[in-house]
Amino acid sequence: MDFDLNESQSLLQDSIRKTLTAKYGFENRKAYMASETGWSREMWAQYAELGLLGLPFAEEDGGFGGGPEETMLVAEQMGRHITLEPWFSTVVLGGGFLRHGAETALRQEMVEGVAAGETLLAFAQTERQSRYDLFDVQTTAKKDGAGWVITGRKGMVLHGDTADHFFVTARVSGASRDKGGIGVFVVPATADGVSVRGFRTVDGQRAAEVDFTGARAAHVLGDPEGGLALVDRVVDEAIAVLAAEAIGAMDVVHAMTLDYMKTRQQFGRAIGSFQALQHKAADMLVAIEQSRSMAYFATVAAQASDAAERRRNMHAVKAQIGRSQRLVGQQSIQLHGGIAMTMEYAAGHYFKRLTVNEAMFGDTDHHLRALADAGGLVQAA
C-alpha cells in the first residue's frame with residue numbers, strides 16, 4: 001500500500017507545519033491559554049485562511065472537498081503543537097454531524113460560517129451517569145407543536161463555553177440505557193433555557209457544563225428516535241482523528257525526551273549513555289510506530305459502511321493507541337525526572353494531552369473489553 005502524500009497533501013502539510021511552527025511555540029501556547037477565551041482568535045482566523053475549517057466539507061456545501069487523509073494530516077500537526085483552538089469540536093465533531101446528518105439547507109447554512117471561522121460548534125453528549133456509553137442518555141426531548149423542547153444537563157462539553165450551536169443527544173422514548181429512542185438536536189447557545197458554565201480541562205483546553213431547561217431545538221437531525229447510529233458514526237471518525245493527533249504529540253515528546261537524555265548529566269556522563277534508559281527510549285519508539293500503523297488503519301477503517309465492522313475497528317484502534325499513549329507519556333515523565341512535573345516545561349503538558357486523548361470516547365480498558373465482547377478484530381469466516 002502506498003502511504004506517500006500526493007502534491008496537494010504535501011502542500012497542505014507544509015503550510016500547516018510552517019504556520020504552527022512560527023506561531024505556536026510553547027510560550028505562545030501558554031499565552032493563548034491565559035487569554036480570555038483560553039485559545040487564540042488570531043490563530044482561528046489563520047486556520048480559516050488556510051482552509052482548515054472548511055477542509056472536510058463538500059465543495060457544493062461551501063467547503064474544500066478534503067477527505068479523511070487530509071483531516072489526518074491536520075490532526076497530526078495539531079497534536080505536535082497540542083493546540084487549544086476548537087478545531088476538533090467544531091470541524092470534526094460538529095462537522096461530522098453536519099456532513100452525515102443535516103439536511104442540505106442546514107448544512108450549507110452552517111458550513112459557510114464554520115469555514116469562515118464565524119461559527120463554533122460543540123457536541124453535548126456526556127452525562128454524569130453515562131461514562132463512556134453513548135447510549136446512556138437521560139436528557140429528554142419533548143414534542144412541542146412543530147418543534148422539540150430539550151431538558152437535561154450535559155457535562156464535559158468540549159469548547160462548550162464559546163460554542164454558537166450545540167449538537168445535543170436527547171431521549172425521545174425508552175429507558176435511560178435503551179439504544180433506541182435517542183435523537184440528535186441542534187440547540188443555539190443563545191436559546192432561552194440554555195445555561196453554560198465554562199472551565200479549563202487538565203490539559204489546558206476549555207470545556208463546559210451545559211444545562212438545558214426547556215430549551216427549544218432549532219433542528220432535529222434525521223429520525224428523532226434513531227439518532228444513535230449517527231452518533232456512533234461521528235464518534236468513530238472522531239476516534240480516527242484523535243489517533244492522528246496522538247501520533248503528532250507522541251513524536252514530539254519522544255524527540256524531546258531523547259534530547260534531554262543527551263544533555264542531562266548524571267555520574268559524570270549523559271544519562272542517554274545508560275543502557276537501561278536506552279531500552280526505555282526504544283520501547284517508546286516501538287510504541288509510536290505501532291500506533292502510526294493503527295492511525296493509518298483508522299483513517300481508512302472509519303469510512304467503512306458496515307457499522308458493526310467500523311465500530312470493532314475503532315475499538316482496536318483506541319485500545320492500541322491508548323496503550324501506546326500511556327507508555328510514551330509515562331516513560332517521558334520518568335526519563336525527564338522532576339523537571340517534567342513543572343508548568344514551565346513542555347513535557348508535562350504533552351503528557352496531560354496524551355492522558356486526556358486516551359480517555360476521550362472511552363479509555364483503553366473500555367475499548368479492550370468492547371473489542372473482546374465483539375469477538376475480536378479478526379472475525380472467523
Side-chain angles (χ1 to χ4, degrees), residues 1-6 8-10 12-13 16 51-79 87-104 107 111 114-115 121 123 125 134 167 184 221-222 226-248 290-322 357 360-362 367 370-371 374-379:
M1 184 176 291
D2 184 8
F3 291 110
D4 290 337
L5 304 181
N6 61 37
S8 62
Q9 290 169 342
S10 295
L12 172 65
Q13 186 182 59
I16 306 167
L52 306 186
L53 306 185
L55 183 66
F57 301 106
E59 293 182 15
E60 55 266 31
D61 293 331
F64 293 93
E69 295 83 3
E70 286 75 20
T71 303
M72 178 194 73
L73 293 176
V74 176
E76 184 175 348
Q77 293 304 315
M78 295 289 189
W87 175 79
F88 181 75
S89 61
T90 295
V91 179
V92 177
L93 292 173
F97 284 109
L98 290 177
R99 289 187 294 111
H100 298 306
E103 296 181 352
T104 302
R107 196 167 59 242
V111 167
V114 169
L121 309 174
F123 179 29
Q125 183 272 327
L134 299 172
F167 291 90
V184 180
L221 303 186
L228 185 61
L230 172 61
V231 173
D232 282 341
R233 181 170 186 176
V234 171
V235 169
D236 286 344
E237 292 184 358
I239 287 173
V241 173
L242 289 174
E245 181 186 303
I247 298 304
Q290 288 175 332
S291 292
R292 196 184 310 278
S293 299
M294 287 300 281
Y296 292 157
F297 172 70
T299 300
V300 176
Q303 311 308 309
S305 57
D306 185 321
E309 178 188 357
R310 185 181 66 238
R311 178 113 288 227
R312 188 168 57 247
N313 291 336
M314 291 305 106
H315 288 323
V317 167
K318 202 69 164 64
Q320 174 60 56
I321 293 184
N357 188 311
M360 197 173 294
F361 296 122
H367 284 280
L371 182 61
L377 181 60
V378 180
Q379 299 293 292

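What's counted below: heavy atoms across the whole structure, side chains too, no hydrogens, waters or symmetry copies.
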Quick check: do [X] and [Y] have side-chain heavy atoms less than 4.5 Å from each other?
{"X": "Q125", "Y": "F167", "value": "no"}
{"X": "L53", "Y": "T90", "value": "no"}
{"X": "V91", "Y": "L52", "value": "no"}
{"X": "L371", "Y": "R312", "value": "yes"}

For [X] versus [Y], what's the shortest heavy-atom pair and its separation?
{"X": "V317", "Y": "A243", "value": "CG1-CB, 4.1 Å"}
{"X": "V111", "Y": "G63", "value": "CG1-N, 4.0 Å"}
{"X": "L5", "Y": "S10", "value": "CB-OG, 3.5 Å"}
{"X": "T71", "Y": "L55", "value": "N-CD2, 4.2 Å"}
{"X": "L93", "Y": "A238", "value": "CD2-CB, 3.7 Å"}
{"X": "A301", "Y": "M314", "value": "CB-CE, 3.8 Å"}

F123/V92 under side chain to side chain contact (heavy atoms under 4.5 Å, CB included): CA gap, chis, key distance, verdict: CA-CA 10 Å; F123 179 29; V92 177; over 6 Å; no
Criterion side chain to side chain contact (heavy atoms under 4.5 Å, CB included) on E60 and R107, from CA distance to verdict: CA-CA 10 Å; E60 55 266 31; R107 196 167 59 242; over 6 Å; no
CD (E103) with more than 12 external heavy atoms under 6.0 Å: no
Flag, side chain of H367 to backbone of Q320, donor-acceptor distance under 3.5 Å: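 Checked: no pair found.
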Measure the [atom1]-[atom2] distance between [X] and [Y] for me, rounded to the nearest 0.5 Å.
{"X": "L242", "Y": "K318", "atom1": "CG", "atom2": "NZ", "value": "6.0 Å"}
{"X": "H100", "Y": "L230", "atom1": "NE2", "atom2": "CG", "value": "8.0 Å"}
{"X": "Q9", "Y": "D4", "atom1": "CD", "atom2": "CG", "value": "10.0 Å"}
{"X": "E237", "Y": "R99", "atom1": "CD", "atom2": "CZ", "value": "5.0 Å"}
{"X": "I247", "Y": "Q77", "atom1": "CD1", "atom2": "CD", "value": "12.5 Å"}
{"X": "F64", "Y": "E70", "atom1": "CZ", "atom2": "CD", "value": "13.0 Å"}

Single hit among L121, V234, L221 for side chain to side chain contact (heavy atoms under 4.5 Å, CB included) with L98: L121
Derivation and outcome, side chain to side chain contact (heavy atoms under 4.5 Å, CB included), residues R311 and V235: CA-CA 9 Å; R311 178 113 288 227; V235 169; 3.8 Å; yes
Option passing side-chain hydrogen bond (donor to acceptor under 3.5 Å, both in side chains) with D236 (candidates Q303, R310, H315): R310
